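Given the structure is predicted, the values throughout are model-derived calculations rather than measurements. Chain letters run A, B, ... following the sequence lines, proteins first and then strands; every chain starts at 1.
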There are 2 protein chains.
Amino acid sequence: MQTHDSPDRGSDNSHLQVNDSRIDFYPTRSSAKRDHLGRMAWKERSVPTVWADEDSRFSPPTGFDVSGHSKRGYTIQPGLLTPAEVQKYWSELNRLIARSSDTDDPRVIREPGSGDVRSIFDVHKTSADIAALAVDPRVLETARFLLGSEVYLHQSRINFMPGFAGSGFYWHSDFETWHAEDGLPSPRAVSLSIALTDNYAFNGGLMVVPGSHRYFIPGQGNTPDNNVETSLVRQEVGTPAQDDVTELTAELGIDQFTGAAGAGLWFDSNIMHGSGNNITPYPRSNIFLVFNSVANAPQEPFESTSRRPEHIAATEVDPLRR
Amino acid sequence: MQTHDSPDRGSDNSHLQVNDSRIDFYPTRSSAKRDHLGRMAWKERSVPTVWADEDSRFSPPTGFDVSGHSKRGYTIQPGLLTPAEVQKYWSELNRLIARSSDTDDPRVIREPGSGDVRSIFDVHKTSADIAALAVDPRVLETARFLLGSEVYLHQSRINFMPGFAGSGFYWHSDFETWHAEDGLPSPRAVSLSIALTDNYAFNGGLMVVPGSHRYFIPGQGNTPDNNVETSLVRQEVGTPAQDDVTELTAELGIDQFTGAAGAGLWFDSNIMHGSGNNITPYPRSNIFLVFNSVANAPQEPFESTSRRPEHIAATEVDPLRR
């Protein structure tokens, strides 16, 4: 099996760091390299964003802008779900939330303050509809194409940001956490967010820094024990320094994910993203599926003494099949 | 002097409420009328938005969309300030902030938490540049035209929303507060916000509900003593009910004030508006001038036992002259 960091993929060995006798290509938090001013050093990505190549057995969906995806790190697919499917999954989301309103199930994450349900994890195991969506050819074939291999779900969830009081999420790279706390060796993972509500510019939609997936920006701080208990509500450890976000956005700008319900957003696991709050009456809901390559199976966490629970970070590498 | 509520202006007497033996055309907070379900009753506006009429001695600025302003309640003027003027006022703003960084001057409002300067009030009295701006023909003639009379400044301030941590402002009508706490009888007032930074959709820009100025939506709660001490940082009393905002936006939608630095936004004192937070590195600064008609001089507050300080709500009706 070819690994992401084999020499023929052009990896850059100058930033290597040894951790637990393993090679850590993405040192972060307590392992981050620092320059003479104490600033954490960025690392240019040496592995592809789109892994399938011309002689691959995987092909892109019709109309998919492959080189654009490589460059920007994300692709929006308007109308990935039909209006009838949006309706179906919206009903399913409401059913899942209603069932979770009164439970202390750890898969249910609540808003600070109000206690309203904000996210439910592992929904591909509790919802037949969402399990079917993950292996729908429109979804699965794209994930396989982008990662150039068989894939499995590292994480699944539904998100529900209520109107009026939805809090946002500060800037972060998902891969930073998945590497530090879940042991994914490489950013050979991609997320699909499917909007179940119309996304406006002003109701807490996702902001991404286009092209930021090409740089690994180390996260700040050291992972505390049981970080998972708070980090899903408000991430503090592992977020980038303000100066790094300023530099990144000054060079690359900010794009917003807006559009009608049913749109899909594929975004690289290492893209810098965040969201503002939502004081509008318009709620924002989506289905969120994280695909990881079977060639990028999780190891021991690179920056944590404990592993996050299975419903947040799968350790079983079980390739998706239709 | 013709008052806004004289019969020939077509005022609707069905919602009158007597308060301190005065007629209160805009009952709010403890005086709000309620329907049989306990919901506070909206009142349709009976006074004009644009007061100057065809035989007025005031004329609109070239290109100003007068009927659009009446309908929407706001008008954006791109390039109201030249780039050189933006630079001048930006420098002035930074000078004023630097001078205020270490003071307990009550005119300086700070961010909760960080203590960073968020607003400075009464800047037309402390800055010759801003005093000159208020009587610049591009500004003063428009204010006179919209209000159909001589005008004075009810309030002036500069706002500085920092990047990364700027908190927003919940939905409100300025007039609701100016009526309840400052005693303005009628919404014969207009605000001008001039952007000194580029306004994006995602850095906490102003959101307005177009057309909402035509309805007076009562505010919730009762005015506590010394409400001013907290309401400038986070308004709680006087904000509309969530159901009212939902109904209003469902019917009218939401517009955002985006555009390049130098743009001016004229908005009616009674338009429903708010802003989200700002996690981007891009700060957002503006100059904010509130013009009131000399025919709409403040009376005793309609819903407060105390009057807000002079630097927040002028009681001296001193017509602006070039």
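- N277(A) approaches G276(B) most closely through the heavy-atom pair OD1-CA, 3.4 Å.
- Here the CD-CZ distance, from Q256(A) to F202(B), works out to 6.0 Å after rounding to the nearest 0.5 Å.
- Put simply, CZ on F164(A) and OH on Y170(B) are 4.5 Å apart, with the number rounded to the nearest 0.5 Å.
- Y282(B) approaches T249(A) most closely through the heavy-atom pair OH-O, 3.3 Å.
- For the atom pair CZ of F169(A) and CD1 of I279(B), the computed distance is 10.5 Å after rounding to the nearest 0.5 Å.
- For chain B, the nearby parts of T280(A) are the backbone and the side chain; heavy atoms of each come within less than 4.5 Å.
- Note on N203(B), I254(B), V245(B): by heavy-atom pairs under 4.5 Å with chain A, the leading option is I254(B).
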